[in-house]
Amino acid sequence: HASSGALRGRRVRRALELRILRSAAAWRAARMQAGAGGMIALDLFSGIGGFALGLERVGFRTEAFCEIDPYCRAVLRKHWPETPIYDDIRTLTARSLRERGIHPDIICGGFPCQPWSLAGRRKGRDDDRDLWPEMLRIIRDCGPRWVIGENVPGLDDKRFMALDGVLADLENAGYQA
């Protein structure tokens, strides 16, 4: 007998899976439309490049990273030596990207999970490490066709309604979420 929270979690995951499947045809069409050069990605909270690696394997081209951790930046620099790496999303601007000729078709990022993690203090939006508003600012200012966000299950905690807030923010910025 499943708890109501587990059942809700399965329903949310299933709804997201269905959205992804419905979007797959549009995604393939967008990739085809981008041509041989591939779509341009901006990778935020890049870590050591997991999103970039996966996206590049299906034809995307990562044009810039943003990562605050020095070790992770060194790994990125080793594997993508020609790709600019910005060190702080709070100072990154769409203008600075445009000045380098970067106009992303997709923005991806695993915004910091500490505010929502079941293992953390769970301060939610009151946590100064909540950088979703910064990611949203970049999304709004750059206006990519696609957005990929990744986070922990705690983002869907009923106390915070954070997942609902993220989805509402994206819808208010003109995205189907």
Side-chain angles (χ1 to χ4, degrees), residues 16-17 19-20 23-117 119-120 127-155 163 166-167 169-170 173-177:
L16 290 173
E17 289 168 4
R19 285 182 187 166
I20 290 167
S23 298
W27 184 268
R28 281 190 296 278
R31 281 186 47 224
M32 294 298 286
Q33 185 179 8
M39 292 178 71
I40 295 171
L42 169 61
D43 189 339
L44 305 175
F45 313 106
S46 306
I48 59 170
F51 270 128
L53 183 62
L55 288 171
E56 287 180 1
R57 287 187 176 176
V58 295
F60 291 78
R61 189 175 68 244
T62 302
E63 290 285 314
F65 294 103
C66 186
E67 174 55 51
I68 200 164
D69 183 87
Y71 175 79
C72 292
R73 286 196 311 269
V75 172
L76 293 170
R77 204 168 287 110
K78 177 181 179 187
H79 295 288
W80 289 274
E82 303 301 317
T83 304
I85 304 170
Y86 297 88
D87 65 356
D88 192 341
I89 193 167
R90 293 169 291 201
T91 58
L92 179 62
T93 64
R95 181 179 181 177
S96 65
L97 293 166
R98 282 191 298 272
E99 286 172 354
R100 285 192 165 192
I102 299 168
H103 304 276
D105 296 300
I106 184 168
I107 293 179
C108 61
F111 51 99
C113 66
Q114 294 91 336
W116 321 108
S117 175
D127 193 316
D128 62 357
R129 296 168 296 181
D130 175 23
L131 294 177
W132 165 249
E134 294 295 331
M135 184 171 176
L136 179 63
R137 175 182 58 80
I138 296 294
I139 291 166
R140 284 183 175 145
D141 293 349
C142 289
R145 292 182 61 184
W146 300 90
V147 175
I148 299 175
E150 180 270 334
N151 212 281
V152 295
L155 189 69
L163 179 59
V166 167
L167 295 174
D169 288 343
L170 288 169
Y175 296 90
Q176 290 181 336

Contact list for residues 79-102, test salt bridge (Lys or Arg N to Asp or Glu O under 4.0 Å), sequence neighbours left out: Asp88-Arg90, Arg95-Glu99
Name of the residue among Asp169, Val147, Leu44 meeting side-chain contact (heavy atoms from CB on, under 4.5 Å) with Ile139: Val147
Rounded distance (nearest 0.5 Å) linking atom CD1 of Ile68 with atom OG of Ser46: 12.0 Å
Interatomic distance, Leu97 atom CG to Asp141 atom CG [nearest 0.5 angstrom]: 9.5 Å
N/O donor-acceptor pair under 3.5 Å between Arg73 side chain and Glu67 backbone: yes
Distance in Å, Asp105 CG paired with Arg145 CZ, rounded so as to fall on 0.5 Å steps: 7.0 Å
Between SG on residue Cys108 and CE on residue Met135, distance to nearest 0.5 Å: 7.0 Å
Pairwise side-chain contact, Ser96 with Thr91, heavy-atom cut-off 4.5 Å (strictly under): no
Between Glu56 and Thr62, a side-chain donor and acceptor under 3.5 Å: yes
Glu63 side chain vs Ile102 backbone, donor-acceptor pair below 3.5 Å: no
Leu42 side chain near Ile106 side chain, heavy-atom distance below 4.5 Å: no
Crowding at CD1, Ile48 (>12 non-hydrogen neighbours, <6.0 Å): no
From CG (Leu92) to SG (Cys66), nearest 0.5 Å: 5.0 Å
Closest approach of Ala94 to Cys142 (non-hydrogen atoms, all atoms of both residues): CB-SG, 3.7 Å
Heavy-atom side-chain proximity of Arg77 to Ile85 below 4.5 angstrom: yes
Distance (rounded to the nearest 0.5 Å) between Phe51 CZ and Phe45 CZ: 11.0 Å
Pairs satisfying ring-ring contact (aromatic ring centres under 6.0 Å, His included), at least one member in residues 73-92, at least two apart: Phe65-Trp80
Sequence-distant partners of Arg137, salt bridge (charged side-chain N to carboxylate O under 4.0 Å, His left out), two or more places apart: Glu134
Close side-chain approach of Glu150 to Phe111, heavy-atom, < 4.5 Å: no
